[in-house]
Each structure stands twice: as C-alpha cells, then as structure tokens.
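I have placed the structure first, in the form of structure tokens, so that the comments after it can refer back to it.
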Amino acid sequence: MNKSCLAHLALAATFACCVGEAAAQQSQSRPWMNPHLSPDERADMVLKEMTLDEKIDLLHGNGMPGWHGKTFPNAYLGNGGAGFVLGASRLGIPMIQMSDAAYGVRSSGDNGRYSTALPSNIAAASSWDPQAACWYGGLIGRELRAQGYNMTLGGGVNITREPRNGRTFEYQGEDPILAGTLVGNRIKCEQAEHVIGDIKHYAVNDQESGRNEVNSVIGKRAMRESDLLAFEIGIQIGNPAAVMCSYNAVNGDFSCENKYLLTDVLKKDWNFKGFVVSDWGGTHSTVKASAAGLDNEEPEDLFYGEKLKQAVQDGKISNAELDDHVHRVLRSEFLSGVVDWPAEKRVVDVEGGFEISRRIAEQSIVLLKNTGMLPLDPEKIRSIAVIGPHANEGMISGGGSAQVDAPGRPAAKWQEQIWFPTSPLKAIRAKAPNADIKFDAGTEPSAAAAVAKQADVAFVFVYQWTSEGMDLPNLSLPENQDALIEQVATANPRTVVVLETGTAVTMPWADKVGGIVEAWYAGSKGADAVANILFGDVNPSAKLPITFPRSEADLPHPNLVMPPPGATGPEAVMRTGEAKPTFEVHYDEGLKVGYKWYDAEKKPVLFPFGYGLSYTTYSYSGLKVAPGEKVTVSFTVRNTGKRAGAEIAEVYASLPSEAGEPPKRLVGWSKIKLNPGESKEVTLMIDRKYLSIYDESQDAWKLVPGQYTFMAGGSSQELPLRQTVSLN
Ligand code: BGC
C-alpha cells in the first residue's frame with residue numbers, strides 16, 4: 001500500500017471514530033435521533049422536552065413573501081416558498097420549509113433557482129398510469145430538496161364536479177378511484193425522496209368563485225362515495241404526512257374547523273396520523289378549529305399563535321389536545337425523513353427533468369379525432385402551416401400557486417399567463433426538415449386561412465388559460481379561436497387542432513377538422529412530445545379523465561353559482577374569526593359526478609370519460625368474472641393493427657338497482673403494451689369497497705347483495721364485454 005493510501009486510511013479511521021462518538025453522544029443527549037425507533041416513539045420523546053412556546057412554534061406559519069399580513073421578525077429564515085414552520089433547533093428538529101409544487105416546484109424565479117415543469121396534473125391523469133404518477137412525484141421530491149425545501153404543497157385531488165373550475169388542471173379528473181390511485185402513487189414517490197407530502201384541498205372545494213365564502217352543501221353519501229373517496233384512496237396509497245383543509249365551508253362549517261371532515265372521517269375513520277394544515281388564510285378560529293382537528297395554521301399565527309397559547313393557559317384547550325397537534329407534526333418530520341436526511345441545496349438535474357417531463361407528456365396527450373391524417377409521414381409532406389398564438393415560441397401553463405416559473409425570465413406575477421419556452425414551430429421543423437413551413441399567429445383568421453390554404457397540412461395550436469382564484473365563464477376557447485379554427489379548416493380540411501387547455505372545451509368545429517389532439521398544459525418539453533405524437537414516433541395511449549360535454553347547458557349546473565353582490569370578499573373572510581359563508585352551492589347532482597351524470601341523464605357528450613384513440617386498434621374478448629374476497633375480472637386484449645401500442649383497458653360495474661346508484665362506475669383498469677397481432681390476458685382484482693355504497697344510516701360501507709354487471713372495453717362508452725354475476 002502506498003503512503004497516500006495509508007494517510008487516507010488513517011484519516012478515514014479518525015473520521016469514522018469521530019462520527020461514531022458524535023452519534024453515541026447524540027443518542028445519549030437526544031435519544032429521539034435514533035432512526036431505529038418508530039416515528040411515534042421519537043415524537044413522544046421530543047414532546048416531553050418541549051416548552052409551551054416551543055410547542056406553539058410548530059403549529060403555525062411565519063408569513064409568506066408577498067402575503068399582506070404581519071411581518072414576522074424571523075421571516076428571514078424562510079426559503080422563499082409559501083411559508084415555513086420553525087422547528088425546535090435546541091432539540092434538533094428542523095424547520096419545515098414549504099413550497100407549492102403542483103406540477104413542479106413553484107417560485108424558482110424568485111430565488112434564482114430552476115424547476116422542471118411537468119405536464120399539468122389533469123394531463124398526467126390522462127396517462128392512467130400509477131408508474132408515471134410515481135415518476136412525477138419522485139421528480140418533484142428531488143427538485144424540492146435541491147431547492148432547500150422539505151415539504152410540498154402539491155397533491156390536489158378535488159373531484160371535477162364543475163369543469164369550469166379554474167384549478168381543474170391541478171386535479172386528477174372526475175372519477176374518485178382513478179384520481180385517488182394516481183395522487184396516492186404520486187405522493188408515495190414524492191415522500192420517498194424525504195419530503196413531507198401533502199394532499200389537498202380537503203374537501204369539496206370544487207369551484208374557485210367565492211372559494212373563501214362559499215358553503216358547499218352536499219349529502220354525506222354523495223361526499224363519501226365521490227369527493228372524499230378520492231382522498232381516502234390517495235391517503236391509503238400515499239400515506240401523506242399532511243392534509244390541507246380547504247377554504248370553503250362544507251355543510252355549514254369551514255373545512256378547517258369542520259369536525260366531521262377532520263376528526264370523524266379523516267382522523268378516526270381513516271386513521272390518519274399526520275397533521276392537518278390550513279389552506280393559506282383558511283383558519284377562522286382557535287378553540288373550535290383545534291377541537292375540530294386543525295393542527296397547523298398557515299401562513300400566519302392569527303389563531304394558532306398567542307391566542308392558542310392563551311387558550312391552553314386558560315384551560316380552554318387541554319394539554320392533551322395541544323400535544324396531539326404537536327405530536328402529529330413531529331411524527332411527520334420523523335416519518336418522512338426530513339430529520340434524518342436534511343434537505344441540501346444542489347443543482348437540479350435539468351436534462352433528467354426534461355426526459356421525465358417529455359415521457360409523461362407523451363403518455364398524457366389524448367388523440368381525440370383522426371380521420372386518417374395522423375401520423376404524418378415527413379417524407380410525403382412538402383408544406384406545413386403552423387398557426388396559433390405563440391405557436392412559434394412556447395406552450396401555455398397553468399396559473400396561481402401552481403405556477404412554475406419559466407427559465408430565463410422573472411418570477412411570474414399572480415395570474416400572469418406564462419408560455420413555457422417549448423416551441424411547437426421548432427419541434428415540427430425538426431421533424432420535417434425538408435418541408436416548407438410557414439408560421440402565422442392567427443391574429444387575423446382570414447390571413448391564417450390564406451396561409452393554410454397553400455399548405456399540405458395545417459396545425460392550429462389553440463389555448464385556454466386557467467388559474468387558481470378564478471373560474472372560466474364558459475368552456476369555449478377564448479379570443480376568437482373557434483373562428484380561427486373554422487376559417488382555417490374551411491380553407492384546408494387537412495387541419496389538425498392541438499389543444500392546450502386546462503379543462504374540457506367545446507368544439508363547434510369538431511366535424512370540420514381532420515384531427516384533434518388534447519395536449520393539455522404539456523410542461524417543459526411539451527412541444528417535443530406533441531411532435532412525437534403528430535409524426536408517429538410515439539403512438540398515443542392516453543384517455544380522458546374528464547368528460548368533454550357538448551355544451552354548458554348539459555352540465556349539472558348550467559350556470560356557475562357566483563357569490564352574491566355585497567358578499568364580504570375573500571380578504572375580509574380570511575382574516576376574521578367571525579366569518580360566515582355568504583352563499584351556498586348545492587351539489588344536488590350528488591353521486592352523479594362527471595360521466596355518471598351524463599349516463600344517468602342520458603345526455604350525449606362530445607368525448608366521453610375514458611376515451612382516447614391510438615394509431616393501432618384493439619379487440620376485447622373472453623370476459624370472466626369470479627366472485628370472491630376480491631372480485632377477479634379477466635379478459636383478453638389483442639392489438640389488431642399494425643403498430644405497437646399501449647391500451648388502457650377499463651372495467652366498469654353496474655350495481656344492483658336496489659343500490660340506487662348511477663348506471664355504472666369505473667372499478668379498475670390496466671395499461672397493456674402490445675405488439676401488432678399480440679394478445680394478453682388482463683386480470684384485475686376488484687376491491688369490494690369499489691363495488692360498495694356508503695350507507696348513511698349505518699355510517700359504513702356496504703355491499704348491496706344482488707346482480708352486478710361487469711363491463712370491459714376501451715372507454716366508458718365502448719364496452720364490448722359484459723357479464724353479470726351475483727354478489728353478496
Ligand atoms: C392555495 C393552496 C396553496 C397555498 C399556498 C392557496 O391560495 O389554495 O393550494 O398551497 O395558497 O400558496
């Protein structure tokens with residue numbers, strides 16, 4: 001062994017010995033630092049050492065940059081995100097640095113950092129793919145840590161009852177089993193990176209209009225079987241350390257002081273062991289909120305600072321209740337690993353992020369119509385017209401607290417429209433280098449039509465921008481884009497429309513065009529993913545997680561319910577303890593959410609839930625249903641076309657008529673890769689809960705004995721296989 005090697009060895013030995021000694025000392029003075037103990041044991045040990053002030057510190061935020069509230073003396077300790085909670089540094093408990101991270105880590109622009117924008121959440125839900133959800137969460141977890149954060153505020157899973165909701169792009173669609181499964185897998189993989197995961201906005205925050213002052217009125221059964229079921233499944237799969245209660249009230253009580261939601265359902269029935277964090281400014285009381293189960297107020301300390309301390313000292317809140325809140329925060333820090341693996345700032349893996357973002361986008365883009373134009377063969381195309389606002393430079397992204405800042409430009413302002421620098425024009429040029437490609441922004445529909453007329457094919461990129469804090473007035477494309485498409489398609493029927501939307505849109509021109517591609521908000525590498533689909537390098541496989549209705553008149557609420565004139569307004573409601581909801585939205589459609597509504601009401605739709613085309617075709621055969629502890633459903637899917645592809649095979653069930661349910665519900669699915677001519681048997685084990693109803697009189701799930709019909713196929717309206725069995 002040479003000299004330098006020996007020196008290294010000696011150094012290593014000294015280091016190992018020091019580390020060993022330090023650990024030993026640490027485990028004597030701070031026994032909770034022993035990672036072999038359970039998170040609960042560790043939390044209890046810390047709790048015993050804490051003073052009242054230290055406990056209170058864990059239960060509220062310390063302001064948020066740009067939030068018009070009090071200035072906290074320790075605000076400088078924040079990392080630039082949505083807020084932070086002081087730890088207990090004396091005891092080795094780190095601060096919780098939170099960042100919004102719906103489709104990527106927010107606010108990178110402000111602190112000079114970089115984040116990958118993934119496709120929006122509704123886009124990723126179109127992949128129906130738990131594995132893709134896991135990549136999604138894993139990437140966000142890594143980028144949070146690289147930016148010095150250890151808690152995410154992502155994980156939105158409000159069910160799409162109202163497609164005009166401006167945050168539809170942040171959620172996972174209209175079906176609770178699909179949405180819950182995907183958000184759960186995202187959270188599981190996010191937390192595996194040692195960040196505190198979050199699921200939100202609990203619950204029935206299904207529109208943005210008047211969100212701080214609306215009372216969502218909904219039956220218990222409808223809520224348990226739809227909106228809450230998505231959370232229940234998400235929590236079961238992902239085990240998030242935190243649940244964010246929403247701004248709105250549910251059946252009379254604000255969500256963040258709603259005992260039914262926070263204690264009866266979440267903490268007791270679902271046995272949730274993490275902590276409940278209020279939406280920003282969503283706390284309205286101290287004693288009531290604490291008793292109802294709110295653990296942490298964000299982003300200030302209006303109710304969970306001095307007032308909480310006083311209430312404990314006055315005996316209005318017991319020490320046991322206080323300690324339960326603190327225990328939950330501490331336990332979550334241990335469980336997620338933020339104590340044992342502190343976040344360290346480092347350079348984000350930009351290329352790795354691009355790769356994941358593009359791959360997820362390719363699985364998220366839904367082919368809605370194809371008269372045979374697609375995929376395009378670049379060898380055969382001489383000229384292409386690329387039309388549409390910004391189609392030369394970028395693709396739109398979703399706004400509000402979900403907004404990821406685009407690289408190379410200042411941080412986005414609230415509700416600023418941000419076009420990510422992923423250029424459809426460039427991506428198409430790269431695919432068809434020999435074609436004559438002309439761009440027109442589409443400002444003048446007639447001028448754009450003239451450009452389209454000269455070309456072999458026209459691509460029209462249209463957008464619908466949506467954001468937190470607003471709803472859409474309707475589902476039409478804004479800014480005269482319907483007229484643009486009409487005129488271009490009239491000039492050249494070989495027109496393909498690429499939609500960049502946050503939710504469903506109406507399409508008065510649908511019959512006139514040769515192709516329709518739903519790209520959603522496609523993320524950092526959206527244009528490459530779209531081009532890969534258009535030119536057939538990727539065979540589309542995504543399916544819609546929401547129904548596209550024919551018109552707003554077919555929605556359960558044809559008109560959005562708006563706050564009445566003279567309502568107090570969000571600011572007033574957010575800061576006061578006496579706040580009361582000022583108006584109600586009655587979700588009288590109840591169980592009939594999304595496709596269940598259109599099925600029950602026999603309303604034809606533009607594109608149904610679960611629908612999406614491929615460049616190949618599939619056939620279904622041989623359905624077998626075997627009742628048992630779980631119901632086993634199996635069938636064969638065959639690729640009957642000429643290209644390899646991945647089919648999302650969907651299984652629905654109709655319950656016995658005594659159950660009083662909508663005509664059918666999704667109960668399972670599987671994504672199968674198939675080469676041309678290949679067939680595979682799919683076997684799904686259906687959980688009995690997914691076949692049950694929530695019995696309000698018993699406050700329990702129950703399987704109604706009787707005849708169950710199982711159906712399998714490629715969309716909610718194309719189910720060639722069906723078999724009826726008796727279950728009890
Ligand atoms: C949003 C939350 C978000 C929070 C912090 C609120 O306005 O509703 O989703 O996490 O702000 O930015």
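Start at 1 and go down the list; that is how both ligands and their atoms are numbered.
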Sequence-distant partners of R186, salt bridge (charged side-chain N to carboxylate O under 4.0 Å, His left out), two or more places apart: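 Only E190 meet the salt bridge (charged side-chain N to carboxylate O under 4.0 Å, His left out) criterion with R186.
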Lys/Arg-Asp/Glu bridge criterion (N-O < 4.0 Å) met for D295, K267: yes
N-O pairing of D100 and K200 below 4.0 Å: yes
Passing option when R161 is tested against D227, D175, D588 for salt bridge (charged side-chain N to carboxylate O under 4.0 Å, His left out):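 In the set D227, D175, D588, the residue that makes a salt bridge (charged side-chain N to carboxylate O under 4.0 Å, His left out) with R161 is D227.
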F231 ring center near W270 ring center (under 6.0 Å):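 No: the rings miss the under 6.0 Å criterion.
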Atom CD of E416 with >12 non-hydrogen neighbours under 6.0 angstrom: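 Counting neighbours around CD of E416, more than 12 heavy atoms of other residues, nucleotides or ligands fall under 6.0 Å, so yes.
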Sorted by chain and number, the residues that approach ligand 1 to under 4.0 Å with a heavy atom: M64, A82, D100, L153, R167, K200, H201, R211, M244, Y247, D279, W280, S401, E468
